[in-house]
Each structure stands twice: as structure tokens, then as C-alpha cells.
Amino acid sequence: MTCDVLEMMTDGLGIKPRNTHSKLVSGENTDSIFRLNHYPPCPLINNNNTNGSNIVIGFGEHTDPQIISVLRSNNTCGLQINLSDGSWISVPSDPSSFFFNVSDSLQVLTNGRFKSVKHRVLANSRKSRVSMIYFAGPSLTQRIAPLTCLIDNEDESLYEEFTWSEYKNSTYNSRLSDNRLQPFEKKAVSLND
Ligand SMILES: O=C(O)CCC(=O)C(=O)O
Ligand SMILES: [Fe+2]
């Protein structure tokens, strides 16, 4: 299913072949992980308070480093995504659906066409939340760089090339909420240089 969705996304950008991204997460040496999260109820909070002053963070804001994340949860809400204006909106909980999240490496591969979505989880006052996430990652030696078919010349490339192993190591040395792609962003070239 992850490969099918990645192939539809690759098609959507007009990239050929359509397995350009899915092949990165389907080989034998891929570095994918599966995580199970449990958020116990937090009776001290008032979930009806909508102005955000009484929230308890269950999982702090972050982006996922891999290529794509596939999430499924029970019917307790809590997941929120961050919009470009800085506001947070809740993702409705639906135990019969999968939620796909673009992750950092896909943002780099598509030179920013797909954006890695910042998200967080709020604790719920009454119900416990359980989520399971499949983080589809490439092999450790996979080089990650904007695809040449998406850029007309090297100047348009927004990121320096790295291997997945290099990126993973750099995330270990950062805080969860950091913009972990920032060290790999190409510096804008001043017109006076
Ligand atoms: O539990 C959730 O809904 C999301 C957790 C998450 O973002 C993560 O494990 O990376
Ligand atoms: Fe996440």
C-alpha cells in the first residue's frame, strides 16, 4: 500500500518511472521501522478548552525524517498538523483509515514539491490513544538529493546531497522540534558574490 501511494504521488509530479520513490523503500536493505505509541488519558486537562491554554503534549512537534509515514490509530483524537500560518489543526481519528505523512527525505527528493508536515499529539483527558506508524525509509547508503528531472540546473536545487545514514546521524544530534533539514539547505547565493 505504501508503494502504491508513493507511485501515485510520483505520477502526480510527472516523474518517470513511477517506481522512482517506491523502489527506495521496497528493497531488502531498507531501513524502515514500525512504532506503537500509547498515550494514557490525562484527567487533569480540559479538552473542551479551545483556546489552547490547557493542553498537554503527548508527543512534541516534529517532522518524520524518513520518506513517508503511514499511521493508523484507535478512535481517540490527538494528532494535529501544523499549517503554514503556524496554526494547528486536528486530524480526525478514524480507526478504519490510514493517514499518510510526507517525511523529510521525500521533501528533499522532490526539491520541496512535497512538504514534510510538522505534527504533534495532544493528550486526551478521558480516553487513551493508541497509534501505530510505519516509517518507510531507504537503505542506509541511499543517497538523497533533489531528483535531476525536477530541476533545470544545479542552482535550483534547494538541498545538499546526503546519505540516509548521514541524515539519521544528524537527527540524533538535534532536538525533536528542530528543523532538521536546515543544515542541508543550500545557502542562497548573494547576487554580489
Ligand atoms: O501517535 C501519533 O498519532 C503520531 C506519533 C508520531 O508522530 C510519531 O511517532 O512520529
Ligand atoms: Fe511523527
Side-chain angles (χ1 to χ4, degrees), residues 1-3 5-6 9 21-22 24-25 30-45 47 50 52 54-110 112-140 142 144 159 162 164-184:
M1 186 181 66
T2 305
C3 286
V5 170
L6 273 173
M9 294 172 73
H21 296 117
S22 63
L24 304 183
V25 299
T30 58
D31 187 35
S32 299
I33 54 171
F34 183 77
R35 180 187 290 154
L36 202 56
N37 292 320
H38 173 229
Y39 307 88
C42 188
L44 295 176
I45 52 176
N47 281 151
T50 49
N54 185 22
I55 60 171
V56 172
I57 302 292
F59 202 128
E61 62 181 75
H62 66 283
T63 58
D64 297 335
Q66 290 84 359
I67 289 189
I68 198 161
S69 312
V70 188
L71 177 145
R72 191 155 173 136
S73 74
N74 67 352
N75 64 1
T76 302
C77 60
L79 178 63
Q80 294 192 319
I81 56 170
N82 196 216
L83 302 184
S84 50
D85 67 3
S87 61
W88 290 97
I89 54 161
S90 295
V91 177
S93 59
D94 177 356
S96 63
S97 300
F98 291 96
F99 176 79
F100 282 79
N101 207 9
V102 170
S103 307
D104 295 345
S105 299
L106 189 55
Q107 175 169 325
V108 172
L109 288 161
T110 61
R113 304 286 208 291
F114 287 126
K115 298 265 187 292
S116 180
V117 179
K118 194 191 274 187
H119 52 283
R120 69 181 184 183
V121 180
L122 301 186
N124 189 288
S125 59
R126 289 174 295 110
K127 298 193 295 174
S128 72
R129 174 177 169 85
V130 178
S131 64
M132 50 188 190
I133 306 115
Y134 171 64
F135 300 90
S139 70
L140 288 173
Q142 177 63 49
I144 311 280
Y159 302 97
F162 51 82
W164 168 238
S165 148
E166 285 166 344
Y167 191 55
K168 242 178 115 169
N169 287 335
S170 110
T171 65
Y172 292 147
N173 296 321
S174 67
R175 281 186 303 204
L176 185 64
S177 63
D178 285 351
N179 174 0
R180 295 183 289 195
L181 278 180
Q182 198 173 34
F184 300 92

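Note that ligands are numbered from 1 as they come in the structure, with each ligand's atoms numbered from 1 the same way.
- Taking every non-hydrogen atom of Phe135 and a distance limit under 4.0 Å, the qualifying atoms of ligand 1 come out as 8 (C), 9 (O), 10 (O).
- Atoms of ligand 1 found under 4.0 Å from any heavy atom of Leu71, numbered from 1 in the order shown, are 2 (C), 3 (O), 4 (C).
- The shortest separation from a heavy atom of Phe99 to ligand 1 is not under 4.0 Å, leaving the residue out of contact.
- A donor-acceptor pair under 3.5 Å is absent between the side-chain atoms of Thr30 and the main chain of Leu24, judged by distance alone.
- Ligand-side atoms of ligand 1 in range of Ser131: 1 (O), 2 (C), 3 (O), range being under 4.0 angstrom from any heavy atom.
- Contact between Arg120 and ligand 1 is absent, with no heavy atom of the residue lying under 4.0 Å from the ligand.
- If you number the atoms of ligand 1 from 1 as listed, the ones under 4.0 Å from a heavy atom of His119 come out as 7 (O).
- For ligand 1, the atoms lying closer than 4.0 Å to a non-hydrogen atom of Tyr39 are 1 (O), 2 (C), 4 (C), 5 (C).
- If you number the atoms of ligand 1 from 1 as listed, the ones under 4.0 Å from a heavy atom of His62 come out as 6 (C), 7 (O), 8 (C), 10 (O).
- The shortest distance between side-chain heavy atoms of Asp94 and Phe99 does not fall below 4.5 Å.
- Looking at Asp64, its N, O or S atom nearest to the Fe ion (ligand 2) turns out to be OD1.
- Checking Ser93 against Ser73 by side-chain atom types alone, no donor-acceptor pair falls below 3.5 Å.
- For the pair Phe100 and Met1, the minimum side-chain heavy-atom distance is below 4.5 Å.
- Counting only heavy atoms from C-beta outward, the side chains of Phe59 and His119 never approach each other to under 4.5 Å.
- Here the closest heavy-atom approach between residue Gly78 and residue Arg129 is recorded as N-NH1, 4.2 Å.
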Check step by step if side chain to side chain donor-acceptor pair (under 3.5 Å) holds for Asp64 and Ser69. CA-CA 7 Å; Asp64 297 335; Ser69 312; 2.8 Å; yes

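- When Asp104, Thr171, Asp178 are each tested for a side chain to side chain donor-acceptor pair (under 3.5 Å) with Thr63, only one passes: Asp104.
- The nearest protein atom to atom 9 (O) of ligand 1, hydrogens excluded, is given as Arg35 NH1, 2.6 Å; this is a heavy-atom distance.
- Remark: minimum distance from atom 3 (O) of ligand 1 to any protein heavy atom is reached at Arg129 NH2, 2.6 Å.
- For ligand 1, the atoms sitting less than 4.0 Å from at least one non-hydrogen atom of Val121 are 1 (O), 2 (C), 3 (O), 4 (C), numbered in the order shown with element in parentheses.
- Here the heavy atom of the protein found nearest to atom 5 (C) of ligand 1 is Asn37 ND2, 3.3 Å.
- The nearest N/O/S atom of His119 to the Fe ion (ligand 2) is NE2.
- Of the possible donor and acceptor atoms, one in the side chain of Thr76 sits under 3.5 Å from a partner among the backbone N and O of Ser128.
- The atoms of ligand 1 that sit less than 4.0 Å from any heavy atom of Asp64 are 10 (O).
- Checked by atom type and distance alone, the side chain of Asn101 never pairs as donor or acceptor with a backbone atom of Val70 at under 3.5 Å.
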